[in-house]
2 protein chains.
Amino acid sequence: MPVIPPGGAVSDALQPPTSAQCRPATLAGELRSALSVATRRIRSRRGAADLPDQQFTVLAVLLRKGPMTPGALADHEHVQPPTMTRTVNALVELGFVTKEPHPTDGRVVLVRPTEAGESEVRETRRRRDDWLAQQLKGLSADDRATLAQAAVLLRQIAAAGGPAR
Amino acid sequence: MPVIPPGGAVSDALQPPTSAQCRPATLAGELRSALSVATRRIRSRRGAADLPDQQFTVLAVLLRKGPMTPGALADHEHVQPPTMTRTVNALVELGFVTKEPHPTDGRVVLVRPTEAGESEVRETRRRRDDWLAQQLKGLSADDRATLAQAAVLLRQIAAAGGPAR
DNA sequence: TATTGTTATACTCTATAACTATA
DNA sequence: TATAGTTATAGAGTATAACAATA
């Protein structure tokens, strides 16, 4: 049981936001904190047999968009190139993607999902999104619409301001 | 420039969610992915001089709620106890918190923010939330309200389902 | 025995800097 | 020179398992 000193409990209550809480400066802190907690929590629901989060994400992107270069994947996920090299190499070792030389440009590599990768995503997605989907079922349709809209806004914000800095 | 094959561009377009996208199973995947990208992006905006994310968060919690035990902090942030031990120790080394023995229960430790910790949070918050606040200023009041409400819902979801598994 | 916290260990994710190969 | 990618290195964050101290 968390220690909650007198006067502290209110700040965790689940109330709709006041207009003050929509002020950019106030919202920024609150939003950052909520995103951090929720992300960690959702990730922690990953089963031991599942792919780690970033590997899963990259594999899913490849299946949705088709073969891509490591650089394009890094842009898409807003990470630096060496980070994506590592993620892709992990997927290669697991046999979920292959790396192919580009037909005409010798500098470029194409990352292509394998059939094993495809079924892995299918299975993982089924297991891993179960818990979150269950939580979402408990919400009202309005609340789900709010979250869906928030997801769009968050992607918009993440895409803003140039590549990672 | 990301490689976007024909037919792939639509999935990244910034459109309001359709009713299908509000279905729990669909929303779960999309939400998880958006949270992941946004969180990474917001964290990457942290200045080199700023406290790392989790240290900053814990320090801010202590300032808001007063001295707490490591266990209570772990519950609050939905992390495991060893993780919090590490975070608290980092803050002790930086001089931003102190650890005190509990007056009556010898097993318990109280983590208390120092004055240096307080001013560090003030400074860090000013710098680090700047970028996000700037992005939020560019949104409509409606969109900000959506994000504020989403933050509440995300905390609610994070708090659900028992301690971390 | 149960609770609180720590130590030991290991893995994921991320970044910057420096390097190689190709264009 | 410029671009794509990798290697080297380091730091942050997280978890599980095993342990010590106290209640």
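We name chains A, B, ... by the order of the sequence lines, and we start the count at 1 in each one.
Rounded to an integer number of Å, the gap from CZ of B:Arg107 to P of D:dT22 is 11 Å. In this structure, A:Asp53 places its CG atom 15 Å from C1' of D:dA15, rounding to the nearest Å. Separating the CG atom of A:Asn89 from the P atom of D:dA8 is a distance of 12 Å, rounded to the nearest angstrom. In this structure, the CE atom of B:Met84 is 17 Å from the C1' atom of C:dT7, given to the nearest Å. A:Gln80 places its CD atom 19 Å from the P atom of C:dC19, with the value rounded to the nearest Å. Atom P of nucleotide C:dG5 and atom CG of B:Asp75 are separated by 10 Å, given to the nearest angstrom. With rounding to whole Å, A:Phe56 atom CZ is found 16 Å from C:dT12 atom P. One atom, CD of A:Glu100, and another, C1' of D:dG5, lie 16 Å apart when rounded to the nearest Å.
The phosphate of D:dA12 has neither OP1 nor OP2 within less than 4.0 Å of any side-chain N or O from B:Gln55. Of the side-chain N and O atoms in A:Arg86, none sit less than 4.0 angstrom from OP1 or OP2 of C:dT12. Proximity of B:Thr83 to the phosphate of D:dA15: a side-chain N or O atom is located under 4.0 Å from OP1 or OP2. At the phosphate of D:dG13, neither OP1 nor OP2 sits under 4.0 Å from any side-chain N or O atom of A:Arg40. Considering only side-chain N and O atoms, A:Thr85 lies nowhere under 4.0 angstrom from the phosphate OP1 or OP2 of D:dG5. For the pair B:Lys99 and C:dT6, the criterion of a side-chain N or O lying under 4.0 Å from OP1 or OP2 is met. Considering only side-chain N and O atoms, B:Gln54 lies under 4.0 angstrom from the phosphate OP1 or OP2 of D:dT14.
Donor-acceptor pairing under 3.5 Å is lacking for the side chains of A:Gln149 and A:Arg144. Side chains of A:Thr39 and B:Thr39: a donor-acceptor N/O pair is present below 3.5 angstrom, by distance only. A donor-acceptor pair shorter than 3.5 Å can be found between the side chains of B:Ser33 and A:Arg155.
Between A:His78 atom NE2 and B:Arg40 atom CZ the span is 8.5 Å, to the nearest 0.5 Å.
In terms of position on DNA chain D, the residue among B:Asp105 and A:Leu110 whose nearest nucleotide sits closer to the 5' end is A:Leu110.
Heavy atoms of A:Pro70 sit under 4.0 angstrom from primed sugar atoms or phosphate atoms, though from no base atom. Nucleic acid contact for A:Thr104: sugar-phosphate only, since backbone atoms but no base atoms lie under 4.0 Å from a heavy atom of the residue.
Listed nucleotides C:dA15, D:dT16, D:dA12 differ in distance to B:Pro52; the shortest reach to its side chain belongs to D:dA12. Distance from the side chain of A:Val109 is smallest to D:dG5 among D:dG5, C:dT12, C:dG5.
Of the residues B:Asp75, B:Val111, B:Leu110, B:Val109, the one that meets the side chain to side chain contact (heavy atoms under 4.5 Å, CB included) test with B:Thr69 is B:Leu110.
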